[in-house]
Amino acid sequence: MLWDIFCRVVDNFGDIGVCWRLSTDLAARGQEVRLWVDDASALRWMAPGALESQWPGVRVLPWDQSSHLETLAAMPAAACWIEAFGCDIPQAFVAHRAQSPVPHDPAHAAAPPPDLQRPVWINLEYLSAEPYVERCHGLQSPVSHGPAKGWSKTFFYPGFTAKTGGLLREPGLADQLQIEPDATAREAFFNALGVPWQGEQLLSLFCYEPPLLPALLEQLAASPQPTRLLVTQGRAAQAVHAVLGTQQQRGSVAIDYLPYLSQTDFDRLLRACDLNFVRGEDSVLRALWAGKPFVWHIYPQQDMAHAAKLEAFMEQMHFSAAVRTLHRAWNGLLATPVPASALEALQPTARVQWQSDLRPARTRLLEMDDLSTQLLQFAMENR
Ligand code: TRH
C-alpha cells in the first residue's frame, strides 16, 4: 500500500525522529511511504541519504508541496493517511482527494479498495503509559466539516499494553538484540567515532537541562571508578558546557562531545554504553530496547502533564523505589534540596540489579505486536 505520513516539527528531534522510524519501518515491510514534513533538516544527519531518496520505499517531500494541485495531480492516491501528533493535513490536500475521482493504481493494490475515494485516515498520537491510552486507542472521530465531511479519522495511540497501538520496533530488532556487543565491537564503534575508550565505564548523555546535572558530574568526578561520559550534540552538550566550561577531564570523569549521529549510530551508542541518559519519546524507547539501565528526561510540558506521564511509565516498567526517586530528581520533580541519596541508583553495583529488573517488562514488550504491525493490520481491514 501507499501511505502519506504528515509531520510537523514542533521542536527538538522527536517528531521527525519518530516519523522517520515509522516510515522506514513500513517500507521494510514492503509498503511505500511519502513523508511530508515542514522541516526535514535534521534528516541530513539522522538519516543520511533520506533527502536524496536513497532509502528504498520512502520519499521525503516538503510540506508545502502537499497543497500544490499540479503536484498532487501527478501522484497516485494513497491508501492510508497518517497525521502524526495531531498535525492537521492541509485542507488543499484533503480537498484534492475528496474532489477527484481516484483511479485504480495497479502498482499499489492487488484489487481496488471498496471505497476508492476515502483513505484510511489515522491520527497517530504521542506515546504514553497512562490509562487513558487504552480508552482512547481506536476511537473514531467523524470529520464534521470541510471537503471531507462525513469521512472519519481513527485515533491510534502507541502504548505499552495489548489494548494500545504498541511500540515502534522494526522487523528483526528482537533478533539483533540477542547479540550483545562485545569489547571488540564496542572498541571498533568508538574508534570510528574518535572516542578514545580504554575500558572505563561508559555513560551516554542525551537530555535537556536537568537540574541534577552538576551533582551527577560531581559524583562521577569524585568516584574511584573512571567514567567516560559521551555527550550528544545540542542541548545536552550546552548543558554540560554550562557546568564544566571547556574542561574535558574532571577527576575521574572524561568528557567526549559527540557529533550528531545517524539514528543507526545513535541506537548503537545506546547498546554500547553501560548506562544511558535519554530524553523525549523516541530515545526512551530505544534505550529500553538497548536493554541497559536508563534515565529518562521526559519532555517537559507547561501544565506539568509530564509528571503524571513519567509516573505512569515508571509504574509500567516496575521501576524500584530508588530508580523512581532518581527519575523524579533528574526531572526536577522533587522538592529541593534534593537528597544525595537520589543518585544512589547510579552506583555500578546497584545497576546490576536495575538491569535485571528491566528484563521482564522489556521481554513482554518485545513480544507484543509492534506499532507498524498494528497499523498495517488496521489499514488492511479498513481500506
Ligand atoms: O529530541 P527530543 O527531545 O524530541 C521531543 C520528544 O519527542 C517529545 O516527546 C516531543 O513532544 C518533542 O520532541 C516535540 O527526543 P526524542 O523523542 O528522543 O528524539 C530524538 C531523536 O533524535 C531520536 O530519533 C534519536 C535522534 N538522534 C539521533 O539520531 N542522533 C543523535 O546524535 C541524537 C542526539 C539524537
Side-chain angles (χ1 to χ4, degrees), residues 5-25 35 37-51 55 83-87 124-130 133 157-159 167-170 173 189-190 192-195 203-210 229-240 256-273 276-290 294-310 312-313 330-331 371:
I5 299 182
F6 288 83
C7 171
R8 271 199 189 277
V9 175
V10 178
D11 62 1
N12 301 308
F13 313 132
D15 307 291
I16 187 63
V18 169
C19 289
W20 178 253
R21 285 202 201 270
L22 174 62
S23 301
T24 52
D25 190 343
L35 174 58
V37 55
D38 63 347
D39 178 3
S41 54
L43 286 178
R44 289 203 187 284
W45 46 268
M46 204 180 270
L51 303 183
W55 289 68
E83 46 187 36
F85 312 128
C87 75
L124 180 65
E125 283 294 336
Y126 284 106
L127 173 65
S128 175
E130 290 162 287
V133 167
Y157 280 82
L167 300 169
L168 266 177
R169 195 183 69 236
E170 64 271 25
L173 180 69
F189 174 66
F190 289 119
L193 285 181
V195 171
L203 273 56
S204 74
L205 183 71
F206 181 44
C207 59
Y208 307 111
E209 294 75 27
L229 182 68
L230 305 174
V231 183
T232 55
Q233 267 292 328
R235 288 172 70 172
Q238 284 157 18
V240 175
D256 284 288
Y257 292 97
L258 300 175
Y260 279 120
L261 304 176
S262 67
Q263 261 184 352
T264 311
D265 277 348
F266 181 78
D267 295 349
R268 284 194 190 123
L269 174 76
L270 301 184
R271 292 272 285 146
C273 285
N276 296 303
F277 289 85
V278 287
R279 75 179 201 201
E281 91 173 54
D282 186 60
S283 54
V284 71
L285 186 54
R286 301 315 291 194
L288 173 64
W289 293 150
F294 61 88
V295 183
W296 187 23
H297 199 180
I298 190 169
Y299 183 73
Q301 288 165 268
Q302 292 289 340
D303 55 2
M304 295 298 287
H306 60 284
K309 192 168 170 173
L310 176 65
F313 175 73
W330 189 248
N331 283 279
L371 178 65

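In each ligand, atom 1 is the first atom listed, and ligand 1 is the first ligand listed. Please read these numbers as outputs of a predicted model, since none were measured by experiment.
Between Y208 and Y299, the ring planes lie perpendicular to each other; the angle is over 60°, past the 30° to 60° tilted range.
A donor-acceptor pair under 3.5 Å is formed between the side chain of N331 and the backbone N or O of W296. For the pair N12 (side chain) and G14 (backbone), a donor-acceptor distance under 3.5 Å is absent.
Under 4.0 Å from any atom of ligand 1, one finds heavy atoms of residues D11, N12, F13, G14, D15, G17, W45, M46, Y126, F206, Y208, T232, Y260, L261, S262, Q263, F266, R279, G280, E281, D282, S283, Y299.
Rounding to the nearest 0.5 Å places CZ of R21 at 6.5 Å from CD of E170.
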Run the side-chain donor-acceptor check on residues 258-265: report pairs under 3.5 Å with partners two or more places apart or on a different chain.
unit_1: S262; atom_1: OG; unit_2: D265; atom_2: N; d: 3.1
unit_1: Q263; atom_1: NE2; unit_2: G17; atom_2: O; d: 3.1
unit_1: D265; atom_1: OD1; unit_2: R268; atom_2: NH1; d: 2.6

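Of all heavy-atom pairs spanning L288 and F294, the tightest one is CA-CE2, 3.8 Å.
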